[in-house]
Amino acid sequence: MKKYAAIFVALGAISYGIPGSLFKMARAQGVHDGMLLCLTFLIAWFFFVVASAFLKPAKRNVPDKREKWLVIFSGSSMGFTNTFYLLSLSYVPVAVAAVMMMQSVWLAIIISSVLHRRWPSLLQVFSIGIVLVGTVLATGLFPIHQAVSLIGLSFSFLAALAYALTIQFTGGIGQDLHPLTKARLMSFGALLLIIMIWGHTLFEPQSLIISLKWGGITSVFAMIFPLTSFSYFMPHLAIGIGPIISSLELPSSVIFALFLLAETVSDTQVIGVGLIIIAVIITNLIPVLMYRRKYQTHN
């Protein structure tokens, strides 16, 4: 499994870059946002229920009720992330929304610093600076060629904040659980939140067959495949490598938006995307290299 870990984590990250384009394509065929999100998480939850049914009872069940509900609650943050992200796509292109989602890189650093009451390192501050410069270029804020929706930027920023909080508060929850069991509980938590937010829209007139089609497709790329890949293969990667490979989500979003939606991407935006990816690499790779060098020196 370790031999193929990097490949599957990379494929999972690329998969995460596809749903933005799928959301817009589904909307163009008359599928309402609420129905699409509900079906996406419902199908994912059903898949993980069926898959975990083949596990031994000891791996399928969670004896600690408190841990079980913490994992379910942590899954609700995925519901917030997808809700804000989908709302942002009504105002900005997929490429811009994806770039704003990557603000979770520096938001996670800031949240961690506040919670642990310590200043970010110089390397982290430098990385934050690169991300912000890259964001200005990649979202088209400089130079300004067209109007940029502040509402869209705000929604996608809230999606990034929700994702950063997810990373911060759920990383240490349910670590002893089987990946399929944890995925089942988290997708159930996300489904509950999505129904609470979007449930009232499910009765609006729309084609159930078309909605099921797009719900199934988005569920595979947004939940089932990436969540399974990350759960099984991320632990087999060296420390710091996982987040670097995961940054493939950003160029994936841009490329798929380019081909599936014919969105235009300027050279300046490409440079901005490149800067953000460089910041992710710097943040995660340099500390690992420094630790290894220090370890080799002492041994």
Side-chain angles (χ1 to χ4, degrees), residues 7-31 33 36-37 40 81-82 84-105 130-157 159-160 163 210 213-226 229-230 243-281:
I7 295 175
F8 277 94
V9 171
L11 291 174
I14 292 171
S15 178
Y16 266 138
I18 301 175
S21 296
L22 297 180
F23 285 153
K24 284 206 168 188
M25 292 170 70
R27 186 183 289 162
Q29 291 196 9
V31 182
D33 293 347
L36 182 61
L37 281 179
T40 296
T81 301
N82 282 270
F84 289 130
Y85 185 69
L86 186 55
L87 287 172
S88 72
L89 295 177
S90 299
Y91 302 94
V92 295
V94 172
V96 172
V99 167
M100 290 303 296
M101 269 291 291
M102 290 300 291
Q103 305 312 297
S104 59
V105 174
I130 295 179
V131 170
L132 293 177
V133 171
T135 300
V136 170
L137 296 176
T139 54
L141 293 177
F142 180 83
I144 297 179
H145 296 298
Q146 57 184 4
V148 179
S149 170
L150 293 181
I151 296 177
L153 293 180
S154 299
F155 276 133
S156 50
F157 181 80
Y163 185 59
I210 295 177
K213 180 190 78 171
W214 284 107
I217 295 172
T218 56
S219 185
V220 170
F221 290 107
M223 288 287 294
I224 296 173
F225 181 73
S229 297
F230 284 5
I244 293 173
I245 298 178
S246 299
S247 66
L248 287 172
E249 175 189 347
L250 179 54
S252 170
S253 298
V254 175
I255 291 171
F256 279 103
L258 185 66
F259 285 100
L260 296 178
L261 303 175
E263 289 187 356
T264 56
V265 180
S266 66
D267 293 339
T268 304
Q269 287 178 301
V270 173
I271 293 172
V273 169
L275 285 175
I276 294 174
I277 294 174
I278 289 172
V280 174
I281 294 174

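Computed over heavy atoms, backbone and side chain alike; hydrogens, waters and symmetry mates excluded.
- Taking CZ from F23 and CG from L87, the interatomic distance works out to 11.0 Å, rounded to the nearest 0.5 Å.
- Rounded to the nearest 0.5 Å, atoms CG (D33) and CG (L86) are 4.0 Å apart.
- At a threshold of 4.5 Å between non-hydrogen side-chain atoms, the residues V273 and M102 do not count as touching.
- Ring geometry, F225 versus F8: the interplanar angle falls from 30° to 60°, so the pair is classed tilted.
- Within the 4.5 Å cutoff, side-chain heavy atoms of Q269 are placed close to those of V96.
- Side chain of S156 to backbone of A97: no donor-acceptor contact under 3.5 angstrom is found.
- Summarising the geometry, atom CZ belonging to F155 is positioned 11.5 Å from atom CG belonging to L89; distances are rounded to the nearest 0.5 Å.
- A pairwise comparison of heavy atoms in A279 and I130 identifies CB-CG2, 3.8 Å as the closest pair.
- The shortest side-chain heavy-atom distance between L132 and Q103 falls under the 4.5 Å cut-off.
- In this structure, CG in L36 is found 11.0 Å from CD in Q29, a value given to the nearest 0.5 Å.
- In terms of heavy atoms, S15 sits closest to P19 at O-CD, 3.0 Å.
- Here the closest non-hydrogen pair linking A222 and T40 is CB-CG2, 4.5 Å.
- Here side-chain hydrogen bond (donor to acceptor under 3.5 Å, both in side chains) pairs that include residues 84-95, with residues two or more places apart or in two chains, are R27-S90.
- Note that CG of L248 and OG of S253 are 10.5 Å apart. Values are rounded to the nearest 0.5 Å.
- Closest approach of L22 to I217, counting heavy atoms only: CD1-CG2, 3.7 Å.
- Distance CG/L11 to CZ/F230: 10.0 Å, rounded to 0.5 Å.
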Practice task
Could you check M101 against T81 for side chain to side chain contact (heavy atoms under 4.5 Å, CB included), going step by step and ending with a plain yes or no?
Solution key: CA-CA 9 Å; M101 269 291 291; T81 301; 3.9 Å; yes
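- Residues E263 and L258 approach most closely at O-CD1, 3.0 Å, considering heavy atoms.
- When every heavy atom of G12 is checked against every heavy atom of S229, the shortest pair comes out as CA-CB, 4.4 Å.
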